[in-house]
Visitor: 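Questions regarding the structure given below will be posed in turn.
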Amino acid sequence: MEVQCYLFVLLGSTLFVDKSRDRLRPAINLFLKDHRRLADYAWGAGALAYLYRQLGVATRAGSKGLCGCLTLLQAWIYEYFPLFRPSQLPQSPDAPRASSWISPRLPGGDEARQRLVRYRQLLDELSADDVTWTPYGRDGHTDVPRSLYTGPIRFSDIAEGYDPSRCLRQFGYPAPCSTLPIAPRMVSSPLSRTSCTRPWNTPRW
């Protein structure tokens, strides 16, 4: 029980963070009942699906924040956008890539506002040449075959479509014809848009 509680708090405060501050998603606990099965779950895919959903929520009118595993998003930004990279430590190929970045000192006051203005200007002036399209090498997919997976990635009641073939042209490869969006055969939704209760009926894909 102690291990289950520890993992519940750990996962809820790192991979599946929300905006409730002192509350955690109860769905996490469903995967912790049997500690012998912890290694059977694709926690990375689950964290990515959850982050994708939160990025979509953050684009809605009235949204005032972003949640999810922001460390994952931050590491992705460093890999693809050299203009925003901090210093990096030399590291062995087997070590986690995100741990090589040296976190920059967070400024405050006028310095923080000036930095925000500078970042906005860099984003406005960003061009295709300022993006590292293949941070893992031109043929990085041969080293990580799972990156070629196409289909839904899931966490609890969240399922997001993942299709790397949609961006093959960015890497100089021919892209196939566009496929239809991944759609569930059965899905449940709250009775009203203002309802705070979310159903736990998992969609069948």
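Note: hydrogens, waters and symmetry copies are ignored here, and every other heavy atom, side chains too, is used.
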Visitor: So, Ser63 side chain and Thr59 main chain: donor-acceptor pair closer than 3.5 Å or not?
Guide: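 Side chain of Ser63 to backbone of Thr59: no pair is present.
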
Visitor: I'd like to check the side-chain contact (heavy atoms from CB on, under 4.5 Å) partners of Asp40; sequence neighbours left out, ordered by chain and number.
Guide: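 Expected list: Arg37.
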
Visitor: Is there a path of hydrophobic side-chain contacts, each under 4.5 Å between heavy atoms, that joins Leu55 and Ile153?
Guide: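 Shared cluster, yes.
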
Visitor: Please round to the nearest 0.5 Å and tell me the distance separating atom CD1 of Ile28 and atom CG of Leu7.
Guide: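 Result: 10.5 Å between the selected atoms.
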
Visitor: Mind checking the CG-OH spacing from Leu48 to Tyr162? Nearest 0.5 Å is all I need.
Guide: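 The CG atom of Leu48 sits 7.0 Å away from the OH atom of Tyr162.
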
Visitor: Counting only N and O atoms by type, is there a donor-acceptor contact under 3.5 Å from the side chain of Asn29 to the main-chain atoms of Pro26?
Guide: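 The answer is no, because no donor-acceptor pair under 3.5 Å joins these two groups.
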
Visitor: Would you name the heavy atoms of Ile102 and Pro86 that are closest together and state the gap between them?
Guide: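 Between these two residues, the closest heavy atoms are O-CB, 3.2 Å.
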
Visitor: Is a side-chain donor-acceptor pair under 3.5 Å present for Glu2 with Tyr6?
Guide: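 Distance-only check fails for Tyr6 and Glu2.
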
Visitor: Output the distance between atom CG (Asp129) and atom CG (Leu126), rounded to the nearest 0.5 Å.
Guide: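 Answer for the CG-CG pair, Asp129 versus Leu126, is 10.0 Å.
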
Visitor: Restricting to non-hydrogen atoms, name the atom on Ala58 and the atom on Gly65 that form the minimum distance, rounded to 0.1 Å.
Guide: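 Taking Ala58 first and Gly65 second, the nearest heavy atoms are CB-O, 3.8 Å.
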
Visitor: Under 6.0 Å between the ring centres of Phe84 and Tyr78?
Guide: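 No, they do not, as the ring centres are separated by 6.0 Å or more.
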
Visitor: Are Leu123 and Arg120 close enough that some pair of their side-chain heavy atoms sits under 4.5 Å apart?
Guide: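 The answer is no, as the side chains (C-beta and beyond) never meet within the 4.5 Å cut-off.
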
Visitor: For the atom pair CZ (Arg113) and CG (Asp110), what is the distance rounded to the nearest 0.5 Å?
Guide: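 Separation between the atoms: 4.5 Å.
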
Visitor: How many angstroms lie between CG in Leu72 and OG1 in Thr14, if you round to the nearest 0.5 Å?
Guide: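 Answer for the CG-OG1 pair, Leu72 versus Thr14, is 11.5 Å.
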
Visitor: Using modelled atom types only, decide if a donor and an acceptor are shared between the side chain of Tyr149 and the backbone of Pro152 within a distance under 3.5 Å.
Guide: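 Yes, the answer is positive, given that a donor and an acceptor are paired below the 3.5 Å cut-off.
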
Visitor: Is there a side-chain contact between Leu38 and Trp43 (heavy atoms, below 4.5 Å)?
Guide: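 Answer yes - side chains close enough.
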
Visitor: Looking at CZ of Arg97 and CD of Gln88, how far apart are the two atoms once the value is rounded to the nearest 0.5 Å?
Guide: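 So the CZ of Arg97 and the CD of Gln88 are separated by 7.5 Å.
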
Visitor: Look at the side-chain heavy atoms of Ile, Leu, Val, Met, Phe, Trp and Tyr, link any pair under 4.5 Å apart, and say whether Leu32 and Val3 land in one connected group.
Guide: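 Per the 4.5 Å side-chain linkage, Leu32 and Val3 are co-clustered.
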
Visitor: Are Leu122 and Ile77 joined in one hydrophobic group, where the rule is that I, L, V, M, F, W and Y side chains link up if heavy atoms are under 4.5 Å apart?
Guide: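 Both belong to a single hydrophobic cluster.
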
Visitor: Would you indicate whether the side-chain heavy atoms of Leu73 and Leu66 approach each other to under 4.5 Å?
Guide: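 They are in side-chain contact.
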
Visitor: Mind checking whether Glu79 and Thr132 have side chains closer than 4.5 Å, heavy atoms only?
Guide: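 No, side chains not in contact.
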
Visitor: Ignoring hydrogens and angles, state whether a donor on the side chain of Ser99 or Gln91 is under 3.5 Å from an acceptor on the partner side chain.
Guide: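 There is such a pair between these side chains.
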
Visitor: If we only count heavy atoms from C-beta on, is the Leu24 to Phe8 side-chain gap below 4.5 Å?
Guide: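 Result yes, sub-4.5 Å side-chain heavy-atom pair found.
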
Visitor: Donor-acceptor pair, Tyr50 side chain versus Cys67 backbone, under 3.5 Å?
Guide: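 Judged by distance alone, no pair lies under 3.5 Å.
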
Visitor: Aromatic rings Trp76 and Phe81: how do their planes relate, parallel, tilted or perpendicular, breaks at 30° and 60°?
Guide: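 Geometry flag for Phe81 against Trp76: perpendicular rings.
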
Visitor: If we only count heavy atoms from C-beta on, is the Val17 to Leu70 side-chain gap below 4.5 Å?
Guide: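 No, side chains not in contact.
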
Visitor: Is there side-chain contact between His35 and Gln4, with at least one heavy-atom pair below 4.5 Å?
Guide: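 A side-chain contact under 4.5 Å is absent here.
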
Visitor: Does a side chain donor of either Ser20 or Asp18 reach within less than 3.5 Å of an acceptor in the other side chain?
Guide: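 Note: Ser20 and Asp18 side chains meet the donor-acceptor criterion.
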
